[in-house]
Amino acid sequence: MYDAVVIGLGSMGSSALYHLAKAGFKVAGIEQFGLVHGKGSHSGQTRLIRKAYYESQDYIPLLNGAYRGWKEIERVSGRKLFTKSGIAYFGEKDHPIIKGVQAAATENNIELRACTDQEQAWFDLPSTFEAFTEVDAGYLRADEAIKSYAEAARSLGAVILLNESVQTLEQDGSAITIKTDKGTYQAKKVVITSGAYVSGLIPNAKLPLSVSRQLIGWVKAGASAPKYPDAMPAWIIADKNVPGIYYGFPKLNDEQSPKNGYFKFAHHTVAESIEPQQMDDFDREVEEAKLRSILEQYLPDLATQPIEITTCMYTNTPDEHFIIDFLPDSENNIVLATGFSGHGFKFVPVVGEILADLVTQGESSYDIGFLGVGRF
Ligand SMILES: Cc1cc2nc3c(=O)[nH]c(=O)nc-3n(C[C@H](O)[C@H](O)[C@H](O)COP(=O)(O)OP(=O)(O)OC[C@H]3O[C@@H](n4cnc5c(N)ncnc54)[C@H](O)[C@@H]3O)c2cc1C
């Protein structure tokens, strides 16, 4: 009998496992694939982190917790997970996202400054665009973060079961029986962090979620690259003609990675709904043309280069805000974290902390009322 079992050891589950082990719980985590894989929502090595949250300022206390948490796991693991590169924002003055970032920054004392010439050197931007940088923003190493949390959890006594898929959950009084393709376990509490696969695991919950296939472009600089080859900032472009944002990262410097030396970029907007199994089933030519058009419009020096494409999935709620709550009808014994709608990774430390608090104390000190499942 475990005190708690975490189902899904990706982004949120690895952090929850660590925080539960840290609280002294006898805990196990079950992951259907290996640790860090390309069939979920954490692939593609890097994730943006920023605090001037245009999506809703309700997230800002959570972001403060997340920033503290990233420092903690860097210290515990000895790995550098957060690079404070700043994020450059480009867009029309009256674009709701540009206005939202500026309002969140002003109201929460978050430092923005004008972009430098170097930061803008790669971009072909209309003269009417605002160009400013959020100084304390940057990017995270998603793969290294998940490994760090899993290792830290294991060193605190957590059991990690990989390549084992949870098939069913049955609640009977104070015990929950978890059946996998390899065995049966019992736990007093369960944390469900199974990402894009969650609806298959708890079909009766009828969660209003959709899964979308998101494409990531990778490109290397050609001979015509600008004069500051290593100065591409992390960036966000709010273009009024398309929903969401375009975004990208500085050149990946990681000799262990097949994408070493590549720039990563993508369009953040909810894409085509799929079943998780259809993740890699798309028309490469069509999608490459869409990705190339971003470069042609805004990063012409990269547009002539071959583009490699990898895939990832979002799990979307109707309002694109997360679900962090007890599963209805579970007598508060099953905690659910899902629907991260393409912007969850930066919150990984604080989500793990909140999930552990919900399990161990039945409540969180963070205001998570706006993320309740009852809003649907
Ligand atoms: C292309 C892309 C770009 C993104 N960019 C950003 C960004 O810049 N900034 C940001 O903050 N966020 C970003 N996100 C969002 C962020 O990555 C996700 O919100 C986050 O990874 C979701 O974490 P998760 O734990 O829900 O899912 P995952 O990390 O996928 O973890 C779920 C895990 O559960 C496992 N699982 C599922 N079912 C079972 C089962 N039955 N038994 C056992 N294991 C199971 C899965 O295999 C998986 O490992 C991006 C996402 C994508 C796809």
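Both ligands and their constituent atoms are indexed starting at 1 by order of listing.
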Proximal atoms of ligand 1 relative to G8 (non-hydrogen, under 4.0 Å): 33 (C), 34 (O), 35 (C), 36 (N), 44 (N), 45 (C)

Atom 3 (C) of ligand 1: nearest protein contact (heavy atom, Å): Y247 OH, 3.2 Å

Numbering as shown, the atoms of ligand 1 that approach H42 to under 4.0 Å (heavy-atom distance): 28 (P), 29 (O), 30 (O), 49 (O)

Atom 30 (O) of ligand 1 - nearest protein heavy atom and its distance: S41 N, 2.8 Å

G13-ligand 1 polar pair, N/O distance under 3.5 Å: no

Cation-pi, Y67 ring and K51 (6.0 angstrom, 45 degrees): yes

K182 (side chain) donor-acceptor with N163 (main chain) under 3.5 angstrom: yes

Within-shell test, H268 vs ligand 1, heavy atom, strictly < 4.0 Å: no

Distance filter under 4.0 Å to I30 heavy atoms, resulting ligand 1 atoms: 43 (C), 44 (N)

Donor-acceptor side-chain pairing of Q45 and E144 below 3.5 angstrom: no

Closest protein heavy atom (residue, atom, distance) for atom 42 (N) of ligand 1: V166 N, 3.0 Å

R47 side chain to K346 backbone, donor-acceptor under 3.5 Å: no

Residue part near ligand 1, for Q167, under 4.0 Å between non-hydrogen atoms: neither

Protein heavy atom at shortest distance from atom 31 (O) of ligand 1: G10 CA, 3.3 Å

Residue G40 vicinity, atoms of ligand 1 by number, heavy atom under 4.0 Å: 30 (O)

Same cluster (ILVMFWY, side-chain, under 4.5 Å), V166 and L336: yes

Closest protein heavy atom to atom 51 (C) of ligand 1, given as residue, atom name and distance to 0.1 Å: Y314 CE2, 3.4 Å

Minimum-distance protein heavy atom relative to atom 53 (C) of ligand 1: C312 SG, 2.4 Å

Side chain, backbone, both or neither: the part of T46 lying under 4.0 Å from ligand 1 by heavy atom: neither

Nearest candidate to atom 5 (N) of ligand 1, where distance is taken over non-hydrogen atoms, out of K39, R47, M12: R47

Cluster check Y197, I202: I/L/V/M/F/W/Y, side chain < 4.5 angstrom: no

F340 neighbourhood, listing ligand 1 atoms whose heavy-atom distance to it stays under 4.0 Å: 19 (O), 26 (O)

Interatomic spacing from CD in E275 to CZ in R213 - rounded to 0.5 Å: 11.5 Å

Taking atom 32 (C) of ligand 1 as the reference point, the nearest protein heavy atom with its distance: T193 O, 3.4 Å

I98 vs F132 side-chain heavy atoms within contact, under 4.5 Å: yes

Contacting atoms of ligand 1, where contact means under 4.0 angstrom from a heavy atom of M313: 53 (C)

Test item: side-chain donor near acceptor, D181 and Q32, under 3.5 Å: no

Transitive ILVMFWY side-chain link F370 to Y53, under 4.5 Å: yes

The one among G44, S199, G195 that brings a heavy atom closest to atom 26 (O) of ligand 1: G195

Donor + acceptor pair across side chains of N316, S212 (<3.5 Å): yes

Residue of the set V6, V359, I334 for which side chain to side chain contact (heavy atoms under 4.5 Å, CB included) holds with K189: V359

Contact with ligand 1 for A266, non-hydrogen, under 4.0 angstrom: no

Per-atom contacts, ligand 1 versus F33 - under 4.0 Å to a heavy atom: 47 (O)

Ligand 1 atoms in contact with S165 (distance to a heavy atom under 4.0 Å): 42 (N)

Qualifying residue for ring-ring contact (aromatic ring centres under 6.0 Å, His included) with H343, from Y247, F322, Y314: F322

Identity and separation of the nearest protein heavy atom to atom 20 (C) of ligand 1: S11 OG, 3.6 Å

Test of ring centre spacing under 6.0 Å for Y59 and H321: yes

The one among H343, E31, M279, Q32 that brings a heavy atom closest to atom 39 (C) of ligand 1: Q32

T46 side chain to K264 side chain, donor-acceptor N/O pair below 3.5 angstrom: yes

Close N or O approach (F345, ligand 1; < 3.5 Å): yes

